[in-house]
Student: 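Got a structure for you, questions after.
Throughout, protein chains are lettered first and strands after them, A, B, ... in sequence-line order, and every chain is numbered starting at 1.
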Protein chains: 4
Amino acid sequence: MEAAYRVISEKGYHRTRIEDIAQETGMAQGLFYRYFENKKDVFSQIIDMVIARISEGVMADAPGTSGTLEEYAEQMKRGLDNLFDILVEDPFISKLLFHEAQGIDEEMSRKAQKALDLFADFSSFYIKDGIAKGFLRPDIEIRETAYAFNAVVFEGARRIALSKDKGKAKKSWTKAILDLMIEGTAAPQAQK
Amino acid sequence: MEAAYRVISEKGYHRTRIEDIAQETGMAQGLFYRYFENKKDVFSQIIDMVIARISEGVMADAPGTSGTLEEYAEQMKRGLDNLFDILVEDPFISKLLFHEAQGIDEEMSRKAQKALDLFADFSSFYIKDGIAKGFLRPDIEIRETAYAFNAVVFEGARRIALSKDKGKAKKSWTKAILDLMIEGTAAPQAQK
Amino acid sequence: MEAAYRVISEKGYHRTRIEDIAQETGMAQGLFYRYFENKKDVFSQIIDMVIARISEGVMADAPGTSGTLEEYAEQMKRGLDNLFDILVEDPFISKLLFHEAQGIDEEMSRKAQKALDLFADFSSFYIKDGIAKGFLRPDIEIRETAYAFNAVVFEGARRIALSKDKGKAKKSWTKAILDLMIEGTAAPQAQK
Amino acid sequence: MEAAYRVISEKGYHRTRIEDIAQETGMAQGLFYRYFENKKDVFSQIIDMVIARISEGVMADAPGTSGTLEEYAEQMKRGLDNLFDILVEDPFISKLLFHEAQGIDEEMSRKAQKALDLFADFSSFYIKDGIAKGFLRPDIEIRETAYAFNAVVFEGARRIALSKDKGKAKKSWTKAILDLMIEGTAAPQAQK
DNA sequence: TATGAATGAGATTTCATTCAT
DNA sequence: AATGAATGAAATCTCATTCAT
């Protein structure tokens, strides 16, 4: 499984042959089929694993203990840091859920979709908490904002992973996202 | 080419056989190779076509004539509307650039990447204009914000295309994105 | 198809590889799949062909014009001769319907079964004609006798095909079957 | 061995995997090879077992004590009953000797053939006894009639096993076979 | 320009058999 | 005697590409 993860994350699903996976572990091809139904099956299990892994990492710290907007933003920043650390350390997670899962199967698409929806649920929960506490405007589109937040995070992680100076890139992205989420981009003096 | 576009957009690159494309046009397989080098070649040309098509559609209306933040926001709203119309009418554009292009080739990846960067350039240009005119804060991360904007737009388009009531979904997404971009989500009274 | 017939009749279904069939025609393996769905498909079509072939050969001469028991027996002898000629010339027909078709699939079994039932129908028809005309005893078990007749004919054909002196074997079997069918084996003086 | 018999009789030789047999006994695959050379070997031994089993059951009651044709026929009926009981209770015997043994190997074919010849020997012996005692016509083809008898018995057994009302089917088949063997199907008044 | 049969490399999958423990 | 993971040789099937016509 670890081997399959490594190979697929590097070459992509379609360019990975069973033999590549077998070779990675040093075992014979045939043995693969003792552990997995077929090629799709590994992929499916890898998705499950990734979902579990990230869920665990992300949903560890729940919202709720923030007393002011600053604290709320601070908490959000910590969450974002955490997310970026996970997603940048292993950029295949984003690639897997966003890209790879599409070109295979209706079933895989749905699986990845469900995972993304799960994250949106989590983000929604955060947003609702912010609204309930009066930190966020009550008229925002919760679901869409949550989806948008996720898309931005995954895109950010992808870009950070591609960049040379990851530390700097991460800082820029964290700032950009927090700015967008909290205050928007409008200049203060321009606000009526 | 049109036929290839149709088939690949429906089945995806990997599940599309040359014969499928030939069948779609009614011609014989062999003829395919008079028009295209090989399978990858069609895909490559399709990407080019899509980039050209969307570039044309999007970059038609340049920024510049906005005198107030309201006008700036209004212009942004029109651009967003325009984008959504294009991307929702043909959801394969998003799928192509974001998903399909990855699982094939280093070359295709880069090509799609370049297209996305192009859009980011365009968005950056918009943002810079906003800053120059004093509508947007001068300290925002321009490049990252542009990327984020794009990611959100593509995600929005994808979700709208999947939704049942597309009109309503489009409205929600337009509001969500403009809110994020302009004012952020923070409640006014919470702002210091 | 002819090639597949030849190879399978010689080596049997399970020991025949697609490549064997391809080699027999001199074509590449892949081409096989332009003409047949898969391996089972050829076999299925071969059964159909064999059924058609033998049906045609056998059911050509219908019963009905016999005026006496001798004529009836004579007609039966001719039919038997005809059958033996067909089945001995190509012993694979028996092997196919009786043996090969079993070890593959529920579907193939049923197909062969149906063919055998068809022959039994034909034999039944013959027997009923004999009864109607008063040549045969009205109290015999028609269906069972028809099945029995078929079994004996296929077994006879198989044995003739295996024997050295086919002409002699054929004569012996024809006599044995006609004896059984018409007069039984009881000695005349022993009959009460 | 019992387990192998059960599995193969149900799924057929080719669709039976060693693991299926192992699973049936609850033992590990590897242990199979302590008891049998290889896959073919089980099958071979199963044939031997079946031959022994049926030989024992059938050849128990020898002919010889019949004084009249009626007694002879009665004895034959008992033998047939006995055979049917054995073959219907375990229809795999017929399938094994007639069908399965063919699609595997020259060696298996010959083995099954030898078994069938053995039965023919036994039937021949019966027939010769009938002739010697004047119950059967001296001019019949002994060997062919014996083969024919066997073929009919196996076919009958197969059909009985497939039928719903086995008791009734057995009666019909017994009558049909005895009729054929003893008196034939010709109507008495039609005989010259 | 067009056809579509033919090619053949390559990928997945199965399973009898071996072997270390 | 027993286990069951491991092996790897086959066999089936797919499909991009070529080629004779």
Side-chain angles (χ1 to χ4, degrees), chain A residues 4 7 11 13-23 25-43 104, chain B residues 4 7-8 11 13-23 25-43 104-105, chain C residues 4 7 11 13-23 25-43 104, chain D residues 4 7-8 11 13-23 25-43 104-105:
Chain A
V7 180
K11 311 180 66 161
Y13 179 81
H14 289 289
R15 271 170 300 170
T16 297
R17 296 167 306 140
I18 300 301
E19 203 185 331
D20 295 329
I21 298 173
Q23 239 160 40
T25 64
M27 74 188 189
Q29 307 178 46
L31 193 52
F32 175 91
Y33 291 90
R34 180 169 281 273
Y35 297 111
F36 304 100
E37 286 281 309
N38 49 39
K39 194 180 170 185
K40 242 181 61 189
D41 187 34
V42 224
F43 194 76
I104 297 173
Chain B
V7 180
I8 292 180
K11 309 177 70 159
Y13 179 79
H14 288 288
R15 269 170 300 175
T16 296
R17 295 168 306 142
I18 300 299
E19 203 182 336
D20 295 328
I21 297 173
Q23 232 160 48
T25 63
M27 74 186 190
Q29 298 178 57
L31 195 51
F32 176 91
Y33 289 89
R34 201 157 264 282
Y35 296 113
F36 304 102
E37 252 339 85
N38 50 38
K39 192 182 175 186
K40 241 178 60 189
D41 187 33
V42 225
F43 194 76
I104 297 172
D105 209 49
Chain C
V7 179
K11 309 179 70 161
Y13 179 80
H14 288 288
R15 269 168 302 168
T16 297
R17 295 165 307 140
I18 300 300
E19 203 186 331
D20 295 329
I21 297 172
Q23 238 161 40
T25 65
M27 72 190 190
Q29 308 177 48
L31 193 52
F32 175 89
Y33 292 90
R34 180 170 281 273
Y35 297 112
F36 304 101
E37 285 283 308
N38 50 38
K39 193 180 170 185
K40 241 180 64 189
D41 187 35
V42 223
F43 194 77
I104 297 173
Chain D
V7 180
I8 293 180
K11 310 178 68 159
Y13 179 79
H14 289 289
R15 272 170 297 175
T16 297
R17 296 169 305 144
I18 299 299
E19 204 182 335
D20 296 327
I21 297 172
Q23 232 160 46
T25 63
M27 75 187 188
Q29 299 177 55
L31 195 51
F32 175 92
Y33 290 88
R34 201 157 266 281
Y35 295 114
F36 303 102
E37 244 352 75
N38 50 37
K39 193 181 174 186
K40 241 178 62 189
D41 186 34
V42 223
F43 194 76
I104 297 171
D105 207 49

Student: Give one of base, sugar-phosphate or nothing for Arg34(C), where a contact means two heavy atoms less than 4.0 Å apart.
Tutor: base
Student: Honestly, is Lys39(D) close enough over Phe32(D), meaning NZ or CZ under 6.0 Å from the six-membered ring centre and within 45° of the axis?
Tutor: no
Student: Rounding to an integer number of Å, can you tell me how far Leu31(C) CG sits from dC13(F) C1'?
Tutor: 14 Å
Student: So which one's nearest nucleotide on DNA chain E is more toward 5', Lys39(A) or Gly26(B)?
Tutor: Gly26(B)
Student: Do any side-chain nitrogens or oxygens of Tyr35(C) fall under 4.0 Å of OP1 or OP2 in dA6(E)?
Tutor: yes
Student: Closest nucleotide of DNA chain F for Ile18(C) versus for Met27(D): which of these residues is on the 5' side?
Tutor: Met27(D)
Student: Could you check how far CD of Glu37(C) sits from P of dC15(F), rounded to whole Å?
Tutor: 13 Å
Student: In whole angstrom, what separates Gln23(C)'s CD from dT7(E)'s P?
Tutor: 12 Å
Student: Want to settle it: does Ala28(B) or Phe32(A) sit nearer the 5' end of DNA chain E, counting the closest nucleotide to each?
Tutor: Ala28(B)
Student: Distance check: side-chain N/O of Tyr33(A) vs OP1/OP2 of dT14(E), anything under 4.0 Å?
Tutor: no
Student: If pairing requires Watson-Crick or G-U wobble contacts with both distances under 3.5 Å, which nucleotide is the partner of dT21(F)?
Tutor: dA2(E)
Student: Please give, in whole Å, the distance from dT12(F) C1' to Ile21(C) CD1?
Tutor: 12 Å
Student: Pick base, sugar-phosphate or nothing for Thr25(D), based on heavy-atom distances below 4.0 Å to the nucleic acid.
Tutor: nothing
Student: Please give, in whole Å, the distance from dA9(F) P to Arg17(C) CZ?
Tutor: 15 Å
Student: Take the protein atom CD1 of Ile104(C) and the nucleotide atom P of dT12(F), then report the distance between them rounded to whole Å.
Tutor: 12 Å
Student: Please report the interatomic distance CD1(Ile21(D)) to CD1(Ile8(D)), rounded to the nearest 0.5 Å.
Tutor: 4.5 Å
Student: So which nucleotide does dA16(E) pair with, by the Watson-Crick or G-U wobble rule with both distances under 3.5 Å?
Tutor: dT7(F)
Student: State, with a plain yes or no, whether a side-chain heavy atom of Ile18(A) is found less than 4.5 Å away from one of Tyr33(A).
Tutor: yes
Student: Looking only at non-hydrogen atoms, find the nearest pair between Met27(B) and Thr25(B) and report the distance.
Tutor: CG-OG1, 2.9 Å
Student: Looking at Glu19(B) and dC15(F), is any side-chain donor or acceptor paired with a base atom of the opposite kind under 3.5 Å?
Tutor: no
Student: I need the CG-P distance between Asn38(A) and dT14(E), as an integer number of Å.
Tutor: 8 Å
Student: Find out whether Ile104(D) and His14(D) are in side-chain contact, i.e. whether some heavy atom of one side chain is under 4.5 Å from a heavy atom of the other.
Tutor: yes
Student: How many whole angstroms separate atom CZ of Phe36(D) from atom C1' of dT18(E)?
Tutor: 18 Å
